[in-house]
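The structure appears below as structure tokens.
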Amino acid sequence: QLQASGGGLVQAGGSLRLACVASGVTFTDYVIGWFRRAPGKEREGVSCISKSTGTTFYADSVRGRFTISSDNDKITVHLEMNSLKPEDTGVYFCAAVASVGPPLPSTWAISGLYDYWGRGTQVTVSS
């Protein structure tokens with residue numbers, strides 16, 4: 001139901017724009033999260049957005065460089081990634097959980113709370 005795309009190989013300092021597209025469901029009243037798994041590391045939350053409230057959160061490591069946004073078509077969420085660093089390398093996944101309220105700063109990055117997951121897209125940042 002979710003498909004992430006837009007990954008690729010980029011040099012440090014470059015930019016990529018990821019897209020998460022839903023099929024079979026619209027993103028009304030959902031929280032959409034982006035997670036990544038770097039080689040040899042645990043999956044971590046990168047950012048999230050509430051489709052109903054517009055609330056967004058970012059991991060400290062990406063704040064100021066990444067921007068999450070949602071399209072008015074209600075099926076697409078983007079992650080604009082600028083000033084990429086080699087440590088941003090990993091497989092990026094989008095996930096969704098139904099929620100009429102905003103995400104919480106203490107829980108938005110808990111992957112187990114998300115019900116729907118898409119196949120990831122590889123992001124590789126070379127130094």
May I ask you to check if Arg37 and Trp117 form a cation-pi contact, with NZ or CZ under 6.0 angstrom from the six-membered ring centre and within 45° of the axis?
-> no
Is there a continuous path of hydrophobic side-chain contacts, each under 4.5 Å between heavy atoms, that joins [X] to [Y]?
X: Val62; Y: Ile32; answer: yes
X: Leu18; Y: Tyr58; answer: yes
X: Val46; Y: Val10; answer: yes
X: Val125; Y: Met81; answer: yes
X: Tyr30; Y: Leu113; answer: no

Is any side-chain heavy atom of Cys48 closer than 4.5 Å to a side-chain heavy atom of Trp108?
->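 Yes, their side chains come closer than 4.5 Å.
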If I compare all heavy atoms of [X] with all of [Y], which pair ends up nearest, and what's the gap?
X: Ser70; Y: Lys51; result: CB-NZ, 3.0 Å
X: Arg119; Y: Phe93; result: C-CD2, 4.2 Å
X: Gly6; Y: Thr121; result: N-OG1, 4.0 Å
X: Ser50; Y: Pro103; result: CB-CD, 3.5 Å
X: Val123; Y: Gly7; result: CG2-CA, 4.0 Å
X: Ala12; Y: Pro86; result: CB-CD, 4.1 Å

How would you list all residue pairs meeting disulfide (SG to SG under 2.5 Å) that involve residues 86-127, not counting sequence neighbours?
->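 Checked against disulfide (SG to SG under 2.5 Å) - neighbours excluded - the pairs reaching residues 86-127 are Cys20-Cys94.
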Give, for atom [atom1] of [X] and atom [atom2] of [Y], the distance between the pair rounded to the nearest 0.5 Å.
X: Phe57; Y: Ile68; atom1: CZ; atom2: CD1; answer: 11.5 Å
X: Glu42; Y: Ser111; atom1: CD; atom2: OG; answer: 9.0 Å
X: Ile110; Y: Phe35; atom1: CD1; atom2: CZ; answer: 9.0 Å
X: Thr67; Y: Leu79; atom1: OG1; atom2: CG; answer: 8.0 Å
X: Gln11; Y: Ser127; atom1: CD; atom2: OG; answer: 9.5 Å
X: Gln3; Y: Ile75; atom1: CD; atom2: CD1; answer: 12.5 Å

More than 12 foreign heavy atoms under 6.0 Å from CZ of Arg63: is that the case here?
-> yes
So Val77 and Trp34, side chain to side chain contact (heavy atoms under 4.5 Å, CB included) or not? Walk me through it.
-> CA-CA 10 Å; Val77 170; Trp34 281 99; 3.9 Å; yes
Could you list all the side-chain hydrogen bond (donor to acceptor under 3.5 Å, both in side chains) pairs where at least one residue sits in residues 87-104, not counting sequence neighbours?
->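 Those involving residues 87-104 are Arg36-Asp88, Arg36-Tyr92, Arg65-Asp88.
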